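Here the structure is a predicted model, which means the values were calculated and not measured.
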Amino acid sequence: MALRIVSYNIRKAVGLDWRRSPARVLRVIDELDPDVAVLQEADKRLGARPTALPREMIARETALRPVDLSLGAGGIGWHGNAVLVRKDLAVQARMRLSLPGLEPRGAVLVRVEGLWIVGTHLGLLRRWRHLQMAMILRHLGPVADQALVAGDFNEWSAMRGFEPWQDSLHVVAPGPSFHASRPTAPLDRFAHGAGVRLLDHGVARGGLAAMASDHLPIWAEVEPAAD
């Protein structure tokens, strides 16, 4: 079964006009028609870090539901990482992972249709990103072949920066996704194991996506690789 995966740094639903509009973000996501949406910066910064996308609005505006990953009553994510799945899609497992770094970082892991989907927002410094990548790979262990990592990897280089994954995960940049007003950097990417095949991928440009966040959403069609 092929799955359509969207990854999107929503900047807490604050658009380039500096308006917080969860409805606008959800419309962008819904128009991409994902089976799974992996979100970064999905929670607000202060207090109990409530979700930037209210659960009742997700249910009303999309065909998705949030995977239960938050430790707080008002959130939907872990260190800002959240996963939405199609309402009729079963979640077979889920877990949270703390990542090393000067600033709090984390990853979320959700198993859907036998595929391990990892959502993360890696750190600003490469040396910390390398430690975070190594932690994710160690945590995946023997299931790394069946994994797809999606998120804001915060790496500006087109050629370097993913050395901890080079023997286990193939990194794919669908295209420049940042800054949404003039995309030049491929910060948002996918990385997948040998047991996952990417059928297609791209960056959503134009329309509300050009205004809803400072990142553009990326998408990929994936399926289990043939034996």
Out of curiosity, does [Y] fall in the hydrophobic cluster containing [X] (side-chain heavy atoms, cut-off under 4.5 Å, transitive links)?
X	Y	answer
Val118	Val222	no
Leu97	Trp165	yes
Leu99	Met133	yes
Leu122	Leu109	yes
Val36	Ile218	yes

Going by heavy atoms in the side chains, are [X] and [Y] under 4.5 Å from each other?
X	Y	result
Val38	Val6	no
Asp188	Asn9	yes
Leu64	Pro34	yes
Phe190	Leu148	yes
Pro217	Leu32	yes
Trp78	Met95	no
Asp35	Leu89	yes
Leu53	Ile10	yes

Quiz item: Sequence neighbours excluded, which residues qualify as ring pair (Phe, Tyr, Trp, His ring centres under 6.0 Å) partners of Trp219?
Solution: none
Practice problem: Output all residues satisfying ring pair (Phe, Tyr, Trp, His ring centres under 6.0 Å) with His170, sequence neighbours left out; order by chain, then residue number. | Solution: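 Counting only residues at least two positions away or on another chain, His170 forms a ring pair (Phe, Tyr, Trp, His ring centres under 6.0 Å) with His192.
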Got a list of side-chain donor-acceptor pairs under 3.5 Å for residues 195-208, not counting sequence neighbours?
residue: Arg197; atom: NE; partner: Glu223; partner atom: OE2; Å: 3.3
residue: Arg197; atom: NH2; partner: Glu223; partner atom: OE2; Å: 2.2

Practice problem: Could you verify whether a donor N or O on one side chain and an acceptor N or O on the other, from Asn81 and His121, lie under 3.5 Å apart? | Solution: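 Distance-only check fails for Asn81 and His121.
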Quiz item: Between the side chains of Ser213 and Glu41, does any donor sit under 3.5 Å from an acceptor?
Solution: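 Side-chain D/A pair, Ser213 to Glu41: absent.
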Quiz item: Run the salt bridge (charged side-chain N to carboxylate O under 4.0 Å, His left out) check on Arg60 and Glu56 step by step: do they pass?
Solution: CA-CA 6 Å; Arg60 184 174 68 246; Glu56 64 275 10; over 6 Å; no
Quiz item: Passes side chain to side chain donor-acceptor pair (under 3.5 Å), Ser181 versus His179? Steps please.
Solution: CA-CA 5 Å; Ser181 62; His179 188 276; 2.8 Å; yes
Practice problem: For Arg94, enumerate each residue passing the salt bridge (Lys or Arg N to Asp or Glu O under 4.0 Å) test, keeping only those at least two apart in sequence or located in another chain. | Solution: none
Practice problem: Using the test salt bridge (Lys or Arg N to Asp or Glu O under 4.0 Å), find all partners of Glu113 that sit at least two apart in sequence or belong to another chain. | Solution: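 Scan of Glu113 (salt bridge (Lys or Arg N to Asp or Glu O under 4.0 Å), adjacent residues dropped) gives none.
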Check whether [X] reaches the backbone of [Y] with its side chain - one donor and one acceptor, N or O, closer than 3.5 Å.
X	Y	answer
Lys12	Thr51	no
Thr120	Gly106	yes
Gln40	Gly80	no
Gln132	His130	no
Arg105	Pro100	no
Gln146	Gly193	no

For [X] and [Y], which heavy atoms make the closest approach, and how far apart are they?
X	Y	result
Ala180	Ala210	CB-O, 4.2 Å
Asn154	Asp152	N-OD1, 3.0 Å
Ala52	Pro22	O-CB, 3.4 Å
Arg55	Pro66	NH1-CG, 3.6 Å
Leu187	Ser177	N-OG, 3.7 Å
Pro186	Ala173	CB-CB, 3.9 Å

Show me, pair by pair, the donor-acceptor contacts under 3.5 angstrom made by side chains of residues 134-142, not counting sequence neighbours?
none

Quiz item: Where do Arg129 and Glu155 land on the salt bridge (charged side-chain N to carboxylate O under 4.0 Å, His left out) test, with the steps shown first?
Solution: CA-CA 9 Å; Arg129 290 198 296 274; Glu155 176 58 68; 2.9 Å; yes
Quiz item: Can Leu84 and Thr62 be said to form a side chain to side chain contact (heavy atoms under 4.5 Å, CB included), step by step?
Solution: CA-CA 10 Å; Leu84 311 181; Thr62 75; 5.6 Å; no
Exercise. Check whether NZ of the Lys or CZ of the Arg Arg189 lies under 6.0 Å from the centre of the six-membered ring of Trp156 and within 45 degrees of that ring's axis.
Key: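 So Arg189 doesn't make the cation-pi contact.
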Exercise. Give the ring-plane orientation class for His215 versus Phe178, where under 30° counts as parallel, over 60° as perpendicular and anything between as tilted.
Key: tilted
Exercise. Quick one: do Val91 and Val85 satisfy side chain to side chain contact (heavy atoms under 4.5 Å, CB included)? Show the steps, please.
Key: CA-CA 8 Å; Val91 174; Val85 299; 3.9 Å; yes
Self-check item: Between CH2 on residue Trp18 and CZ on residue Arg11, distance to nearest 0.5 Å
Solution: 4.5 Å
Quiz prompt | CA sep, side-chain torsions, deciding dist, call: Ile117, Val149, side chain to side chain contact (heavy atoms under 4.5 Å, CB included) | solution = CA-CA 6 Å; Ile117 300 171; Val149 186; over 6 Å; no
Quiz item: Going through the distances and angles, do Tyr8 and Val25 end up as a side chain to side chain contact (heavy atoms under 4.5 Å, CB included)?
Solution: CA-CA 10 Å; Tyr8 193 11; Val25 167; 4.1 Å; yes
Practice problem: Kindly determine whether Arg4 and Glu221 satisfy salt bridge (charged side-chain N to carboxylate O under 4.0 Å, His left out), including the steps that lead there. | Solution: CA-CA 5 Å; Arg4 184 172 176 84; Glu221 301 275 356; 2.8 Å; yes
